[in-house]
Amino acid sequence: MALRFYNSLSQHLEPFSPQDGRTVRMYCCGPTVYHYAHIGNLRTFTFQDILRRWLRSSGFALDNVMNITDVDDKIIRAAMGQGKTLQEYTAEYEAAFLEDMATLRLERPEHVVRATEHIGEMVELIQQLGAKGFTYESDGSTYYRIARFPEYGKLSHNDFGGMIAGARVDVDEYDKDDARDFVLWKQKKEGEPSWDTPIGDGRPGWHIECSAMAMKYLGSTLDIHAGGIDLQFPHHENEIAQSEAVTGKPFARFWLHAEHLIVEGQKMSKSLGNFYTLRDLLALGYAPETVRYLLASVPYRNKLNFTMEGVKAAATAIDRLRNFELRLRSERFADDKNAAATERASAATARFREAMDDDLNTAGALGVMFEFLRDTNSAMDAGQFGIENAYEGLVLLALFDRVFDVLRPTATAGGLSDEAVAALVAERVAAKKARNFARADEIRADLDTQGIVLEDTKDGTRWKRK
RNA sequence: GGUGCGGUAGCCAAGUGGUAAGGCCAGAGUCUGCAAAACUCUCAUUCGUCGGUUCGAUUCCGACCCGCACCUCCA
């Protein structure tokens with residue numbers, strides 16, 4: 001079976017390939033930079049990263065846009081409260097976000113674009129909508145008239161029949177003709193930041209930025225539009241309404257939505273005290289790749305129950321994979337090739353690919369890896385394993401790690417160099433040979449305090465960092 | 001009320017019309033100068049409840065119970 005994704009639009013699993021057969025044009029809803037990203041946000045961005053990496057492993061090139069929302073009500077309120085400009089206020093959180101991404105080994109999309117740098121494109125899009133009769137003005141602001149877009153609701157599968165269209169409903173601080181209508185351009189309020197444009201002095205609504213930036217960089221029809229499940233309605237529904245009203249073409253072929261993360265079985269919230277940022281977790285002593293593993297290990301369409309026990313389990317699981325890689329690299333094997341082992345590696349590779357192709361079934365893919373790990377360890381113990389097989393195993397691990405990216409430990413500052421460790425290990429081996437166990441144990445204890453663990457195996461002593 | 005998702009071992013979590021992957025924890029063992037580390041083995045007659053279809057259902061259908069999300073800002 002080929003690569004397939006669950007498309008929220010059709011509510012079915014569909015085979016995927018890009019329009020041009022080569023480059024995947026993908027838009028991912030990025031962060032609103034008014035606070036530090038929490039692990040729930042990062043779950044979604046980790047999903048987007050896994051998606052990127054698997055698309056590339058499947059042979060496609062990527063053209064991926066991620067937006068940074070750096071203007072909205074909350075940002076304006078917070079910035080004004082601190083007497084800062086929008087840019088002064090958002091710069092810190094944007095930088096922190098990009099840093100978190102790098103720490104979690106999330107690849108930087110080809111284009112990371114700011115809303116405030118695309119006001120012109122948004123205004124142009126609103127004007128086009130206006131020319132086609134999809135907008136109206138009320139109290140100086142511009143709104144989208146949902147009644148003109150009959151397909152509204154096709155993504156979220158909401159039935160709006162129960163709502164009373166045409167009734168004048170007061171929502172928020174603005175007057176709208178229909179409760180579903182949303183603001184495209186907000187009239188300037190005294191003292192707030194604004195842009196003086198042909199459609200008035202004001203600022204953009206939230207939804208228009210994604211339509212404008214997506215189409216600017218990726219064209220009228222995207223291959224994939226991804227984001228958190230909560231954005232499905234109204235944000236993504238509104239993006240469709242805005243974009244398709246202007247182009248008359250499907251805005252995105254595939255819509256992929258990541259489920260939410262919950263913490264210890266409960267919705268994450270500051271009041272429950274279970275609200276974590278990546279920094280919080282690192283401060284507790286967890287490695288970034290541990291968090292990455294945990295966030296990636298549950299398939300993206302399932303809720304992910306984040307627990308401290310789960311973080312520990314992730315750390316242990318990574319250790320096993322690393323130990324396995326170390327064994328493949330360091331143990332001496334016969335200079336040949338065992339047919340059964342070769343068959344095992346190719347079968348595992350096929351099953352790993354099949355799991356990932358199946359709508360990114362990361363849990364299934366991990367299951368394949370651990371099964372392979374156990375069977376291979378047994379084969380190595382039994383001597384039914386050659387150097388060629390070690391190479392095959394490492395190739396599979398490399399395929400795995402191009403997507404999961406957890407095998408390389410995050411470098412910690414300071415500590416002993418590899419050379420220094422190797423020298424001490426050699427000294428200990430010599431001491432053992434001379435039956436000077438006191439000195440050998442001293443070195444072992446010494447290295448232990450420096451975070452170096454020794455393993456005495458039948459092939460000699462090997463070491464690793466904790 | 002509408003829409004959608006889910007209930008699989010102590011915890012996390014795949015999966016299939018043919019009799020339950022994997023990870024963690026726990027127990028046992030192998031290796032070892034002693035350890036540690038590592039590795040191996042064991043660990044759900046059972047998949048929310050009750051019916052139905054079927055030779056056979058955890059997997060399909062129906063009802064019910066429970067939990068959750070969205071319908072307003074939210075990854």
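Below, chain A is the first sequence line, B the second, and so on; all start at residue 1.
Distance, A:Glu331 CD to B:C31 P: 16 Å, rounded to whole Å. We find that CZ of A:Arg43 is positioned 10 Å from C1' of B:A75, with the value rounded to whole Å. Protein atom CG of A:Leu294 is 17 Å distant from nucleotide atom P of B:C11, rounded to whole Å. Rounded to whole angstrom, the span from the CD1 atom of A:Ile39 across to the C1' atom of B:C74 amounts to 15 Å. The interatomic distance linking A:His225 (NE2) with B:A75 (P) rounds to 13 Å, in whole Å. Per the geometry, NZ belonging to A:Lys432 stands 14 Å off P belonging to B:A36, to the nearest Å. B:C74 atom C1' lies 14 Å from atom CG of A:Leu261, rounded to whole Å. For the pair A:Asn305 CG and B:G10 P, the interatomic distance rounds to 16 Å; values are reported in whole Å.
Residue A:Ala317 places its side chain closer to B:G23 than to any other of B:A21, B:U72, B:G23. Side-chain proximity of A:Met268 to the nucleotides B:C73, B:A75, B:G33 is greatest for B:A75. The nucleotide whose nearest atom lies closest to any side-chain atom of A:Thr44 is, among B:C73, B:A13, B:A75, B:A75. Of the candidate nucleotides B:A75, B:G33, B:C73, B:G33 has the atom lying nearest to any side-chain atom of A:Arg435.
Note on A:Asn302: a side-chain N or O is less than 4.0 Å away from OP1 or OP2 of B:A14.
Separation of the C1' atoms belonging to B:A14 and B:G23 is 11 Å when rounded to the nearest angstrom. Nucleotides B:U49 and B:U54 are separated by 23 Å at their P atoms, to the nearest Å. Atom name P, nucleotides B:U53 and B:G62: the rounded distance is 15 Å, in whole Å. As rounded to the nearest Å, B:C12 and B:A36 have C1' atoms that lie 28 Å from one another. The gap from the C1' atom of B:U46 to that of B:U19 amounts to 10 Å, rounded to the nearest Å. Nucleotides B:A21 and B:G15 have their P atoms positioned 14 Å apart, rounded to a whole Å.
Residues passing the side-chain hydrogen bond (donor to acceptor under 3.5 Å, both in side chains) test with A:Tyr93, sequence neighbours excluded: none. Qualifying side chain to side chain contact (heavy atoms under 4.5 Å, CB included) partners for A:Val368, counting only residues two or more places apart in sequence or in other chains: A:Ala348, A:Arg351, A:Phe352. For A:Arg329, the salt bridge (Lys or Arg N to Asp or Glu O under 4.0 Å) test picks out A:Glu325, with sequence neighbours left out. Judged as a side-chain hydrogen bond (donor to acceptor under 3.5 Å, both in side chains), and not counting sequence neighbours, A:Glu371 has no contacts. Contacts of A:Glu343 classified as side-chain hydrogen bond (donor to acceptor under 3.5 Å, both in side chains), with partners at least two apart in sequence or in another chain: none.
One finds no salt bridge joining A:Glu259 and A:Arg43 here, because no Lys/Arg side-chain nitrogen approaches an Asp/Glu carboxylate oxygen to under 4.0 Å. Salt-bridge formation is not detected for the pair A:Arg292/A:Asp405: no Lys NZ or Arg NE/NH1/NH2 atom is positioned less than 4.0 Å from an Asp or Glu carboxylate oxygen. Between A:Glu289 and A:Arg322, at least one side-chain N (NZ, or NE/NH1/NH2) sits under 4.0 Å from a carboxylate O, which counts as a salt bridge.
Residue pairs meeting the side-chain hydrogen bond (donor to acceptor under 3.5 Å, both in side chains) criterion with at least one member in residues 391-403 of chain A, sequence neighbours excluded: A:Thr342-A:Glu392. Within the structure, the ring pair (Phe, Tyr, Trp, His ring centres under 6.0 Å) test picks out the following pairs touching residues 301-327 of chain A (sequence neighbours left out): A:Phe324-A:Phe372. For residues 33-42 of chain A, the side-chain hydrogen bond (donor to acceptor under 3.5 Å, both in side chains) pairs, not counting sequence neighbours, are A:Tyr34-A:Lys74, A:Tyr36-A:Glu92, A:His38-A:Asn41.
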Study note, to complete from the structure: Each nucleotide of nucleotides 37-43 of chain B classed B (base within 4.0 Å of a protein heavy atom), S (only sugar-phosphate) or -, in 5' to 3' order, makes SSSSS--
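The shortest non-hydrogen separation linking A:Asp418 to A:Trp463 is OD1-CH2, 3.6 Å.
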Residues 443-453 of chain A, side-chain donor-acceptor partners within the protein, below 3.5 Å, at least two apart:
unit_1   : atom_1 : unit_2   : atom_2 : d
A:Arg444 : NH2    : A:Asp441 : OD1    : 3.3
A:Asp448 : OD1    : A:Lys466 : NZ     : 3.3
A:Thr449 : OG1    : A:Asp446 : O      : 2.6

Kindly give the atom pairs (protein nitrogen or oxygen, nucleotide nitrogen or oxygen) under 3.5 Å for nucleotides 67-70 of chain B.
unit_1 : atom_1 : unit_2   : atom_2 : d
B:C70  : OP1    : A:Lys267 : NZ     : 3.2

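A:Pro299 comes within 4.0 angstrom of sugar-phosphate atoms only, judged by non-hydrogen atoms across all strands, and of no base. Within 4.0 Å (heavy atoms only), A:Gly228 reaches sugar-phosphate atoms of the nucleic acid but no base atom. Note on A:Gly310: nothing from the nucleic acid sits closer than 4.0 angstrom, heavy atoms only. A:Ala258 comes within contact range of no nucleotide atom at all, as no heavy-atom separation falls under 4.0 Å. Nucleic acid contact class of A:Glu371 (heavy atoms, under 4.0 Å, all strands): sugar-phosphate only.
A:Phe182 pairs with exactly one of A:Tyr144, A:Tyr136, A:Tyr143, A:Trp206 by the ring pair (Phe, Tyr, Trp, His ring centres under 6.0 Å) rule, that one being A:Tyr144.
If A:Tyr6 and A:His235 are placed on RNA chain B by their nearest nucleotide, the residue sitting closer to the 5' end is A:Tyr6. Mapped onto RNA chain B by nearest heavy atom, A:Asp448 and A:Thr307 fall at different nucleotides, with A:Thr307 at the one closer to the 5' end.
Scanning RNA chain B for stems, defined as runs of 3 or more consecutive Watson-Crick or G-U wobble pairs whose donor-acceptor distances all fall under 3.5 Å, gives the following ranges: B:1-7 with B:65-71, B:10-12 with B:22-24, B:26-30 with B:38-42, B:48-52 with B:60-64.
Taking the 5.5 Å centre cut-off and the 30° plane limit, the aromatic side chain of A:Phe437 is classed as stacked on B:G33.
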